[in-house]
2 protein chains.
Amino acid sequence: MVKTAGIPLPGQPVRGSKTGKPIMALLDQMGRTWSLGILWQLNMQSLTFRQLQTSCEQISPTLLNTRLKELRQLQLVEHGNEGYCLTVMGQQLFEIILPLGQWSDQWAAAMGVEQRNDD
Amino acid sequence: MVKTAGIPLPGQPVRGSKTGKPIMALLDQMGRTWSLGILWQLNMQSLTFRQLQTSCEQISPTLLNTRLKELRQLQLVEHGNEGYCLTVMGQQLFEIILPLGQWSDQWAAAMGVEQRNDD
DNA sequence: TTATAATGCTACAAAAACTGTAGCAGGTAA
DNA sequence: TTACCTGCTACAGTTTTTGTAGCATTATAA
């Protein structure tokens, strides 16, 4: 890795937007590989670094650590006694994306796929 | 680009999950650069390929086309007379993520950033 | 006290994803 | 014909991500 893109802080230019609008910073971060997956996995349970590695089947430790640093700096994730967990803000964010679970079932059905998330 | 990862179809293994659960396919696609941004830009207005390129400041035409192919195959985006637009399912998905706009303002404020999305 | 195992990482080369610039082919309209 | 829009494609260079190995620290326990 020759150079790493900065953490997309709201108020500053990010990938795809020089305006500094918070939504653009958020979409930048959420559009990075595994950001959404990490938030999803940390829902309602703390996980250690190793547990996260396992639950995110293919993430490399290098990248997991990079993402955790970003998400911690963005105050969405923190590291407590029992491992990594969502901050209060992280939980708020999770609650917004929570309906994606149910919606994805409808989506899959509309595409002719039988499998559901609770299979 | 030597090889391109497949489109994350629900019901099939995707990056980070061999289970085929629809939510994992969705998180895979939404975690790809510009997926969320394209959905965001297409909210309530059709945009031509060139207009999308402009509104997504830094996207390359190569990648824009790749994402549009993916999003079309996943039935979230379609190409009509007036350019690209969201399908009905794409609009449903957009409505789920719509609250991210307001939330990102609170998030920015909590991080001590003054700028808002409507500045 | 050594050992066994778990933690949270770091190093680094190879592979994949993305950018940036150029330009092509088709339509339209003057 | 010329000009200008559209939706792309080509491709080299750059950045991101993977995959494997392993290190340093802390805890348990033999």
Side-chain angles (χ1 to χ4, degrees), chain A residues 1-8 13-18 24-25 27-39 41-42 45-74 77-85, chain B residues 1-8 13-18 24-25 27-39 41-42 45-74 77-85:
Chain A
M1 200 179 293
V2 176
K3 177 192 163 190
T4 301
I7 296 176
V14 298
R15 269 194 312 184
S17 176
K18 294 166 187 158
M24 298 312 291
L27 295 183
D28 181 352
Q29 184 62 47
M30 294 301 111
R32 296 184 180 192
T33 309
W34 279 113
S35 272
L36 284 167
I38 290 170
L39 292 184
Q41 296 294 344
L42 289 180
Q45 62 181 333
S46 293
L47 290 174
T48 66
F49 189 93
R50 300 271 173 152
Q51 287 172 325
L52 266 172
Q53 262 190 287
T54 303
S55 59
C56 301
E57 297 171 18
Q58 293 167 330
I59 195 171
S60 67
T62 316
L63 184 60
L64 176 55
N65 189 40
T66 301
R67 284 293 170 273
L68 287 171
K69 275 184 196 163
E70 291 166 358
L71 294 172
R72 280 196 277 185
Q73 189 161 345
L74 295 176
V77 162
E78 60 194 357
H79 193 200
N81 294 336
E82 300 173 14
Y84 287 97
C85 59
Chain B
M1 199 181 290
V2 177
K3 177 193 163 188
T4 302
I7 297 176
V14 298
R15 272 195 311 184
S17 175
K18 294 165 188 157
M24 298 312 290
L27 294 183
D28 181 351
Q29 184 61 47
M30 294 302 111
R32 296 182 180 194
T33 309
W34 280 113
S35 271
L36 284 167
I38 290 170
L39 291 184
Q41 297 292 346
L42 288 181
Q45 62 181 333
S46 293
L47 291 174
T48 67
F49 190 94
R50 301 270 172 149
Q51 286 173 326
L52 266 172
Q53 262 190 288
T54 302
S55 58
C56 301
E57 297 172 17
Q58 292 168 332
I59 196 171
S60 65
T62 316
L63 184 60
L64 177 54
N65 189 40
T66 301
R67 284 292 168 276
L68 287 172
K69 276 184 197 163
E70 292 166 359
L71 294 171
R72 280 196 278 183
Q73 188 160 347
L74 295 176
V77 163
E78 60 194 357
H79 193 201
N81 293 337
E82 300 173 14
Y84 288 97
C85 60

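Throughout, protein chains are lettered first and strands after them, A, B, ... in sequence-line order, and every chain is numbered starting at 1.
Atom CG of L42(B) is separated from atom CD of E78(B) by 10.5 Å, given to the nearest 0.5 angstrom. Of the inter-residue distances, the one linking L68(B) atom CG with Y84(B) atom OH reads 5.0 Å to the nearest 0.5 angstrom. Between the CG atom of L71(A) and the CG atom of L39(A) there is a distance of 6.0 Å, given to the nearest 0.5 Å.
Between H79(A) and T33(A), it is H79(A) whose nearest contact on DNA chain C lies nearer the 5' terminus.
Distances were taken from every side-chain heavy atom of R72(A) (C-beta onward) to each of dC9(C), dG20(C), dG8(C); the shortest belongs to dC9(C). When the nucleotides dG8(C), dC8(D), dG7(D) are ranked by their closest atom to the side chain of P61(B), dC8(D) comes out on top.
Remark: P of dT18(D) and CZ of R32(A) are 14 Å apart, rounded to the nearest angstrom. In this structure, the CD atom of Q58(A) is 15 Å from the C1' atom of dT20(D), given to the nearest Å. In this structure, CD1 of I59(A) is placed 21 Å from P of dA15(C), rounded to the nearest angstrom. One interatomic measurement links the two molecules: NZ of K69(A) to C1' of dT16(D), which rounds to 15 Å at whole-angstrom precision. Straight-line distance from the CG atom of N81(B) to the P atom of dC5(D): 20 Å, rounded to whole Å. Remark: P of dC5(D) and CZ of F49(B) are 16 Å apart, rounded to the nearest angstrom. The distance from atom CG of L63(A) to atom P of dA13(C) is 19 Å, rounded to the nearest whole Å. The distance from atom CZ of R15(A) to atom C1' of dT15(D) is 10 Å, rounded to the nearest whole Å.
Checking the phosphate oxygens (OP1, OP2) of dC18(C), no side-chain nitrogen or oxygen of S60(B) falls inside 4.0 Å. In this structure, N65(B) does not reach the dG7(D) phosphate: none of its side-chain N or O atoms is under 4.0 Å from OP1 or OP2. Of the side-chain N and O atoms in T62(B), none sit less than 4.0 angstrom from OP1 or OP2 of dC8(D). Taking 4.0 angstrom as the limit, R67(B) places a side-chain polar atom (N or O) nearer than this to OP1 or OP2 of dC18(C). Considering only side-chain N and O atoms, W34(A) lies nowhere under 4.0 angstrom from the phosphate OP1 or OP2 of dT16(D).
Contact of the R15(A) side chain with the R32(A) side chain is registered, since non-hydrogen atoms from C-beta on lie closer than 4.5 Å.
Shortest non-hydrogen contact noted between A25(A) and P8(A) is CB-O, 3.2 Å.
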Please test I59(A) against T33(A) for side chain to side chain contact (heavy atoms under 4.5 Å, CB included), starting from the C-alpha separation and ending with a verdict. CA-CA 9 Å; I59(A) 195 171; T33(A) 309; over 6 Å; no
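End-to-end axis angle of the helix from dT1(C)-dA30(D) to dA30(C)-dT1(D), using five pairs per end and rounding to 10°, comes to 10°.
With sequence neighbours excluded, the residues satisfying side chain to side chain donor-acceptor pair (under 3.5 Å) with Q29(B) are S35(B), E70(B).
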